[in-house]
There are 2 protein chains.
Amino acid sequence: MAAGDTRERILTAATDLFGVRGVDAVSLDVIAAEVGVAKQTLLYWFPSKDDLVQAVLMQAATQLGVAIDAAIRSASDDPLDRIEAVVRAVFRPAVRRPALLGLIREVSRLSPAVGERFQSELRPLVDRAIAYLQKEMDRGRIRQADPRLIAGLCYATVTGIATEPEVLRSVGWQPTTAELRRLRAELLAFLRAALTPHVD
Amino acid sequence: MAAGDTRERILTAATDLFGVRGVDAVSLDVIAAEVGVAKQTLLYWFPSKDDLVQAVLMQAATQLGVAIDAAIRSASDDPLDRIEAVVRAVFRPAVRRPALLGLIREVSRLSPAVGERFQSELRPLVDRAIAYLQKEMDRGRIRQADPRLIAGLCYATVTGIATEPEVLRSVGWQPTTAELRRLRAELLAFLRAALTPHVD
DNA sequence: ACATTTCTCTACCATATGGTAGACGAACTG
DNA sequence: CAGTTCGTCTACCATATGGTAGAGAAATGT
């Protein structure tokens with residue numbers, strides 16, 4: 001096994017555990033057991049638990065950024081198609097790996113320093129999204145609104161629905177493949193309706 | 001001070017601390033310090049931390065249920081007005097006391113038993129909401145969709161936007177009174193647009 | 001007036017936790 | 001080949017944590 005493989009395995013295990021259970025509910029011992037190494041090995045690669053959390057968030061932010069960028073590039077020029085492509089790009093990892101978005105929810109609970117760096121990582125993407133929404137609203141292709149708040153609302157809707165399986169179960173939903181497809185379709189229809197300009 | 005006041009003060013402090021920081025990040029000592037009593041006093045009123053968490057969630061569920069019921073009764077017959085009243089009813093405590101909805105997010109991280117009881121508490125309300133949405137969709141007053149998923153999406157949007165201040169800050173939003181009003185207005189417009197039946 | 005109950009407290013316990021120190025074997029370097 | 005570095009480990013540490021036991025004062029009941 002190549003040097004550094006252990007580091008990647010630690011990041012993978014930590015991402016899943018932090019995202020599903022919450023940072024404070026997961027000890028270094030639990031992560032070490034999951035990876036199959038000693039706790040000291042974690043601390044060799046990451047000097048402290050905070051450093052590990054930071055690394056995990058940066059990696060998640062990078063992965064999301066890359067996925068979103070790729071989705072934007074491959075979508076058509078229609079803004080609603082682009083938004084749909086972004087939602088699909090975000091929703092796909094959320095379904096395969098719920099911990100990924102669940103992890104982002106942890107940011108508000110961590111130290112301000114961690115939150116700041118995380119925001120900095122995603123800021124270019126967020127700024128481009130807001131500028132894009134403003135332009136399309138000006139062109140009349142997206143419903144007139146505050147683009148910053150619209151970006152926040154879209155994000156909140158997607159991650160909210162993707163990271164709270166309890167909510168869906170409480171309305172009778174089951175995490176089967178067919179139900180997941182219907183959920184994604186309904187989510188996309190919901191957002192499309194929310195953003196479509198109206199004819200008065 | 002009347003007997004039982006201590007119990008209420010414990011519930012209030014625990015709700016705020018659990019909701020803001022997360023259940024696992026808050027120790028019994030921290031809650032005790034906030035209330036101004038000994039840890040043993042907490043354990044006198046609630047035999048274990050799990051019991052305290054359970055009590056806090058049940059109280060929150062009851063409070064939300066009461067607020068939502070009142071909002072529904074006072075709204076007009078128009079379904080979009082009713083949904084707006086419910087969103088206002090949920091959003092108001094979220095703004096005054098962010099911990100309340102933040103607490104509900106903890107449910108998915110707690111033991112299945114706790115989650116089950118919490119769901120049971122809110123089930124009558126959820127079932128009525130779904131039946132109502134179905135009826136109004138049938139009458140053509142709400143956009144045709146799966147009422148269960150629409151209920152889940154509305155909830156996810158409201159709580160998502162209300163409980164992740166980091167997301168809003170990342171799009172340049174500040175928690176001032178004016179900005180809160182604009183956020184609520186934008187949220188309501190977003191949901192109204194998402195639910196309005198379209199004319200083809 | 002005395003007994004009981006209620007509600008608070010301190011002291012204590014066993015375990016969990018994040019982190020430190022140094023040992024050791026494998027890989028690498030000169 | 002010897003020295004160095006890397007990456008793993010066990011043993012240990014100080015503190016945090018959820019919970020138990022019993023003491024004591026105030027309130028309540030007989």
Side-chain angles (χ1 to χ4, degrees), chain A residues 1-59 103 106-107 109-115 117, chain B residues 1-59 103 106-107 109-115 117:
Chain A
M1 184 193 307
D5 274 4
T6 303
R7 187 178 191 276
E8 285 308 312
R9 284 166 58 227
I10 290 170
L11 283 171
T12 298
T15 295
D16 290 336
L17 289 164
F18 285 153
V20 169
R21 302 188 200 179
V23 169
D24 296 301
V26 176
S27 65
L28 294 178
D29 276 310
V30 164
I31 301 170
E34 179 70 22
V35 179
V37 297
K39 178 169 64 180
Q40 185 45 32
T41 302
L42 305 193
L43 293 165
Y44 173 80
W45 293 101
F46 304 93
S48 71
K49 185 180 182 185
D50 275 349
D51 289 317
L52 175 56
V53 170
Q54 188 101 233
V56 148
L57 283 174
M58 290 307 114
Q59 193 184 55
L103 185 66
E106 289 292 292
V107 173
R109 295 224 169 125
L110 302 174
S111 72
V114 174
R117 287 178 62 179
Chain B
M1 182 192 310
D5 273 4
T6 303
R7 185 177 191 278
E8 285 307 314
R9 285 166 56 226
I10 291 169
L11 283 172
T12 297
T15 296
D16 290 338
L17 290 164
F18 285 153
V20 170
R21 301 188 201 178
V23 169
D24 295 300
V26 177
S27 65
L28 293 177
D29 276 309
V30 163
I31 301 171
E34 179 70 20
V35 180
V37 297
K39 177 170 62 178
Q40 184 45 30
T41 303
L42 304 193
L43 292 165
Y44 173 80
W45 292 100
F46 305 94
S48 70
K49 186 180 182 184
D50 276 347
D51 288 319
L52 175 56
V53 169
Q54 188 101 234
V56 148
L57 282 174
M58 289 307 111
Q59 192 185 55
L103 186 64
E106 288 291 293
V107 174
R109 296 233 169 116
L110 302 174
S111 74
V114 174
R117 288 178 62 178

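Chain letters run A, B, ... following the sequence lines, proteins first and then strands; every chain starts at 1. Only a predicted model underlies this, so the values are computations on that prediction, with no experimental measurement involved.
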Check: Roughly, in whole Å, what's the span from CZ in A/F46 to P in D/dG7?
Finding: 12 Å

Margin query: Please pick, from C/dG19, D/dG7, C/dT6, the nucleotide with the shortest atom-to-atom distance to any side-chain atom of A/S48.
Written below: C/dG19

Notebook entry, point to check: For the residue pair A/L42 and A/A32, what are the closest heavy atoms and their distance?
Noted result: CD1-N, 3.9 Å

Item checked: Sorted by number, the residues of residues 12-25 of chain B with heavy-atom contact under 4.0 Å to DNA chain C -> none

Check: What's the CG-P distance between B/D29 and D/dA16, to the nearest Å?
Finding: 9 Å

Margin query: Which heavy atom of B/L43 sits nearest to which heavy atom of B/S48, and what is that distance?
Written below: CD2-CA, 4.0 Å

Margin query: Set out, in order, the CA-CA distance, both residues' side-chain angles and the distance that settles side-chain contact (heavy atoms from CB on, under 4.5 Å) for B/F18 and B/I31, then state yes or no.
Written below: CA-CA 9 Å; B/F18 285 153; B/I31 301 171; 3.8 Å; yes

Next item on the list: Rounded off to whole Å, could you give me the CG-to-P distance for the A/D5 and D/dT8 pair?
Entry: 10 Å

Item checked: Distance-minimising heavy-atom pair for B/V35 and B/I10 -> CG2-CA, 3.9 Å

Margin query: If I take atom CG in residue B/D51 and atom C1' in nucleotide D/dG19, what distance separates them, rounded to the nearest angstrom?
Written below: 12 Å

Margin query: If you compare all heavy atoms of A/L103 against all heavy atoms of A/T15, which two are closest, and at what distance to 0.1 Å?
Written below: CD2-CG2, 4.1 Å

Note to self: Given 3.5 Å as the limit, does a donor-acceptor pair link the side chain of B/D16 with the main chain of B/A13, or not?
What the structure shows: no

Next item on the list: Starting from the C-alpha separation in whole Å, work towards a yes-or-no answer on side-chain contact (heavy atoms from CB on, under 4.5 Å) for B/L11 and B/F46.
Entry: CA-CA 10 Å; B/L11 283 172; B/F46 305 94; 3.8 Å; yes

Item checked: OP1 or OP2 of D/dT17 under 4.0 Å from side-chain N/O of B/S27 -> yes

Checklist line | Between P of C/dA16 and CG of B/L28, the distance in whole Å | finding: 17 Å

Item checked: Flag, side chain of B/R21 to backbone of B/V26, donor-acceptor distance under 3.5 Å -> no

Margin query: Please determine whether a side-chain nitrogen or oxygen atom of A/Y44 lies at a distance below 4.0 Å from atom OP1 or OP2 of D/dG7.
Written below: yes

Check: Counting N and O atoms only, with roles assigned by atom type, does the side chain of B/K39 sit under 3.5 Å from a partner on the main chain of B/S27, one being a donor and the other an acceptor?
Finding: no

Item checked: B/T6 vs C/dC7: side-chain N/O to OP1/OP2 distance below 4.0 Å -> no

Next item on the list: For A/K49 and for B/R7, find the nucleotide of DNA chain C with the closest heavy atom, then tell me which residue's nucleotide is more 5'.
Entry: B/R7

Note to self: Taking only side-chain N and O atoms of A/W45, does any of them lie within less than 4.0 angstrom of OP1 or OP2 on D/dT8?
What the structure shows: yes

Check: If the sugar-phosphate is the primed atoms plus P, OP1 and OP2 and the base is the rest, what is the B/S/- string for nucleotides 20-25 of chain C, using protein heavy atoms under 4.0 Å?
Finding: BB----

